[in-house]
Structure formats: structure tokens, C-alpha cells
Amino acid sequence: MGFLSVLGMAQRWVAERAGPGAVAVDATAGGGVDTLFLARTVGPRGFVYAFDIQEAALTRTRNRLAAEGAVVLTRAPDGGCRDAVRAEAASGGGQMPAARREPARLTAKENGLAPVLLLRAGHERMGELVASRHRGHVRAVMFNLGFLPGADTDRSIITRPDTTIPAMETALELLAPGGVLTAVVYPGHEGGDEEAREVERWMTALPASRAQLALYRMPQKPAAPYLLALEKRGAVAAVSGFFHTKEDNQHDD
């Protein structure tokens with residue numbers, strides 16, 4: 001049967017901490033797999049932000065969400081999901097007539113999907129673009145680093161530590177106590193090994209009082225992708241998976 005993939009384990013850890021009605025962030029939308037997963041996980045009472053710098057990635061994500069009946073929003077110039085008032089057509093971003101918006105929302109509710117705010121922006125801009133009322137209340141932020149897969153994509157466009165690390169620092173600030181940050185890193189491609197080292201170095205240096213770190217990897221495959229995850233510490237830290245609160249650790253012996 002084998003172990004869960006790193007992507008599957010990231011989703012499992014997120015699902016344990018981000019329930020219905022939660023706010024979540026896909027920091028690297030890519031093809032929209034994690035975006036759709038988050039929309040399902042937090043449900044129609046929740047909200048999802050999805051970031052990517054490539055229009056090709058946002059198009060893939062938009063199409064994947066639209067195929068499931070999700071409501072896809074764009075951000076108004078003055079910012080915040082409160083101002084995300086334009087639903088997008090399934091075909092790729094044209095404004096829906098008012099008469100079509102409500103059926104789309106009903107379909108999303110029937111499918112149990114949260115509305116998703118797609119942002120063509122680097123994840124290092126999270127602090128600027130996530131609504132102020134959501135700061136400190138986000139339950140999950142997912143990073144899937146590297147490049148956009150596909151035969152027709154530009155593999156020179158990759159995530160880099162000089163923007164990834166600031167984005168993760170901001171993500172940790174946005175998280176609620178008990179919220180989780182997951183990062184799948186890819187040491188097997190050019191630039192990926194450096195980024196994986198820098199992400200792991202930054203996470204390892206965090207004080208345990210601020211966040212607890214877990215690592216999931218296959219040591220027999222050193223070039224394979226692996227998963228790092230942080231659970232933000234605080235008064236209501238979650239208890240599940242590999243993470244435990246201080247109080248739980250006191251009863252381990």
C-alpha cells in the first residue's frame with residue numbers, strides 16, 4: 001500500500017486543522033489542486049485566497065474550480081476579500097451577468113465549496129492582500145514550491161528563497177494559534193535544493209514557543225520532494241497528527 005505522498009500528507013495535516021467556515025491560503029496556486037482541496041475543506045462558509053504570479057497557473061486554477069461550480073472572485077483595487085465583488089465566468093475571467101451569479105453561488109453551496117479569491121501576485125504579498133479581519137485567524141497556508149509543471153510551461157520561473165522565506169514569515173503571522181503552514185519542497189531541480197535548505201534552516205531556527213516543526217520525507221530518496229510543516233503555538237493549539245501541545249507532552253511519560 002505504501003505511505004501517503006508528501007502532497008497527500010500535507011492535505012491530511014491541513015484537513016485536521018482547517019474545518020468548515022475557516023479561512024485558508026494557497027500560497028502557490030499552480031494547477032489549482034490544493035486550491036480546490038482547501039475550498040472543499042473549509043466549505044461554503046469559509047474563504048480561500050490563492051496566489052500565483054503566472055497567468056497560466058491562474059487559468060488552470062480558475063478552470064479547475066469552475067468545473068466544480070466554485071465561485072471565483074477577483075480583488076478590487078482597494079483590497080481585501082470584502083471588496084472582491086466580481087465573480088468570474090468559467091471560460092476564463094469574463095464578468096458574469098448579475099443574473100448568473102446567484103446560480104453559481106448555489107452550485108458552490110451544493111458542492112460544499114468556499115468562494116476563492118484568485119490573486120495574480122507573489123505570495124510574499126500576503127500581508128498586503130489578505131483582509132485585515134482575517135489576520136491572525138487563518139487556519140492553513142499551503143506552499144507547493146518549485147515550478148509550474150507541464151510540457152508548455154517555463155521551468156525557469158521557480159519559487160526562490162528570497163521571496164519564499166518572507167512569505168512564510170508573513171504566513172505564520174496570519175495563522176491562528178493551532179493553524180498550520182505546510183511546505184512541499186523539491187530538492188531535485190536546479191535551485192530547488194538551495195530553496196529546500198533555506199526553508200528548512202528558517203523553520204528549524206524558529207523557537208518552539210512560536211511554532212512546532214514536523215518533517216515528512218523518504219530518506220532513501222534524498223532528491224525526492226519532502227514536506228515541512230509548522231503548527232503555530234498558542235492558547236488553542238490543535239492536538240493531532242505529529243503535533244502536540246505543551247500540556248500533552250507533560251503526560252507522555
Side-chain angles (χ1 to χ4, degrees), residues 6-7 9-18 22-30 33-35 37-38 41-42 48-54 57 117 119-132 134-148 157-187 189 191-217 225-234 237-238 241-243:
V6 291
L7 299 175
M9 183 58 80
Q11 291 188 353
R12 178 175 175 176
W13 285 349
V14 167
E16 290 172 347
R17 292 161 181 81
V23 178
V25 177
D26 186 350
T28 49
V33 173
D34 285 336
T35 310
F37 159 75
L38 290 171
T41 299
V42 304
V48 176
Y49 295 86
F51 291 81
D52 210 291
I53 62 169
Q54 295 187 73
L117 177 56
L119 294 160
R120 186 173 181 181
H123 45 214
E124 70 276 11
R125 295 181 63 196
M126 259 188 274
E128 170 192 348
L129 297 176
V130 170
S132 59
H134 288 158
R135 294 169 190 166
H137 299 284
V138 174
R139 294 297 306 173
V141 182
M142 302 186 76
F143 289 81
N144 189 11
L145 301 176
F147 53 80
L148 179 65
I157 302 175
I158 60 173
T159 55
R160 301 181 185 278
D162 60 341
T163 52
T164 297
I165 301 301
M168 290 182 173
E169 181 69 43
T170 299
L172 193 55
E173 293 298 321
L174 293 174
L175 285 174
V180 65
L181 183 162
T182 64
V184 176
V185 297
Y186 293 81
H189 71 84
D193 188 56
E194 177 192 0
E195 184 173 48
R197 286 196 307 270
E198 290 299 315
V199 168
E200 190 167 346
R201 182 180 296 118
W202 175 77
M203 289 188 175
T204 303
L206 290 170
S209 59
R210 188 177 180 202
Q212 189 169 5
L213 171 63
L215 172 66
Y216 182 76
R217 75 181 305 175
Y226 63 97
L227 169 65
L228 295 141
L230 294 173
E231 183 180 72
K232 186 171 180 176
R233 303 307 295 264
F242 290 95
F243 300 93

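Treat the numbers as computed from the prediction; the structure is a model and nothing was measured.
The backbone N or O of Ala50 sits nowhere less than 3.5 Å from a side-chain atom of Asp26 that would complete a donor-acceptor pair. Distance alone, capped at 3.5 Å, is enough to place a donor-acceptor pair between the Thr163 side chain and the Arg160 backbone. With hydrogens and angles ignored, the 3.5 Å screen pairs a side-chain donor or acceptor of Asp52 with a backbone N or O of Gly30. Not one N or O on the side chain of Tyr216 forms a donor-acceptor pair closer than 3.5 Å with the backbone of Ala10.
The side-chain hydrogen bond (donor to acceptor under 3.5 Å, both in side chains) check on Glu173 picks up Arg210, with sequence neighbours excluded. Qualifying side-chain hydrogen bond (donor to acceptor under 3.5 Å, both in side chains) partners for Thr164, counting only residues two or more places apart in sequence or in other chains: Glu195.
The two residues Ile53 and Arg120 make their nearest non-hydrogen contact at O-NE, 3.2 Å. Listed here is the closest heavy atom pair of Thr41 and Ala15: CG2-CA, 4.2 Å. Shown here for Gly234 and Pro177, the closest heavy-atom pair between the two residues is CA-CB, 3.7 Å. Gln11 approaches Asp34 most closely through the heavy-atom pair NE2-OD1, 3.1 Å.
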Stepwise side-chain contact (heavy atoms from CB on, under 4.5 Å) check, Leu119 with Arg125
CA-CA 10 Å; Leu119 294 160; Arg125 295 181 63 196; over 6 Å; no

Does Leu172 form a side-chain contact (heavy atoms from CB on, under 4.5 Å) with Met168? I'd like the steps, not just the answer.
CA-CA 6 Å; Leu172 193 55; Met168 290 182 173; over 6 Å; no

Using the rule given for side-chain contact (heavy atoms from CB on, under 4.5 Å), can you reason through Val42 versus Val23, listing the C-alpha separation, both sets of side-chain angles and the distance that settles it, and then say yes or no?
CA-CA 7 Å; Val42 304; Val23 178; over 6 Å; no

Please lay out, stage by stage, how Leu7 and Asn144 fare under the test side-chain contact (heavy atoms from CB on, under 4.5 Å).
CA-CA 8 Å; Leu7 299 175; Asn144 189 11; 3.8 Å; yes

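Residues Leu230 and Leu206 meet the side-chain proximity criterion, which asks for heavy atoms closer than 4.5 Å. Under the 4.5 Å side-chain criterion, counting only non-hydrogen atoms from C-beta, Thr159 is in contact with His123. Contact of the Gln212 side chain with the Lys232 side chain is not registered, since no non-hydrogen atoms from C-beta on lie closer than 4.5 Å. In this structure, Tyr226 and Val184 have side chains that are not in contact, with every pair of non-hydrogen atoms separated by 4.5 Å or more. Pro161 places a side-chain heavy atom less than 4.5 Å from the side chain of Glu194. Put simply, the side chain of Thr28 does not reach to within 4.5 Å of the side chain of Phe51, judged on heavy atoms. Counting only heavy atoms from C-beta outward, the side chains of Val141 and Met126 approach each other to under 4.5 Å. Side-chain contact between Arg139 and Val180 is absent, with no heavy atoms from C-beta onward closer than 4.5 Å.
Distance check, rounded to the nearest 0.5 Å: CG of Leu175 to OG1 of Thr170 gives 11.0 Å. Interatomic distance, CD of Glu124 versus CG of Leu129, reported as 9.5 Å (0.5 Å rounding). To the nearest 0.5 angstrom, Met142 atom CE is 4.0 Å from Thr182 atom OG1.
Asp193 and Tyr186 share no side-chain donor-acceptor pair at under 3.5 Å. Counted by atom type alone, Glu231 and Trp13 present zero donor-acceptor pairs between their side chains at under 3.5 Å.
By the 4.0 Å N-to-carboxylate-O rule, Glu200 lies too far from Arg197 to be salt-bridged with it.
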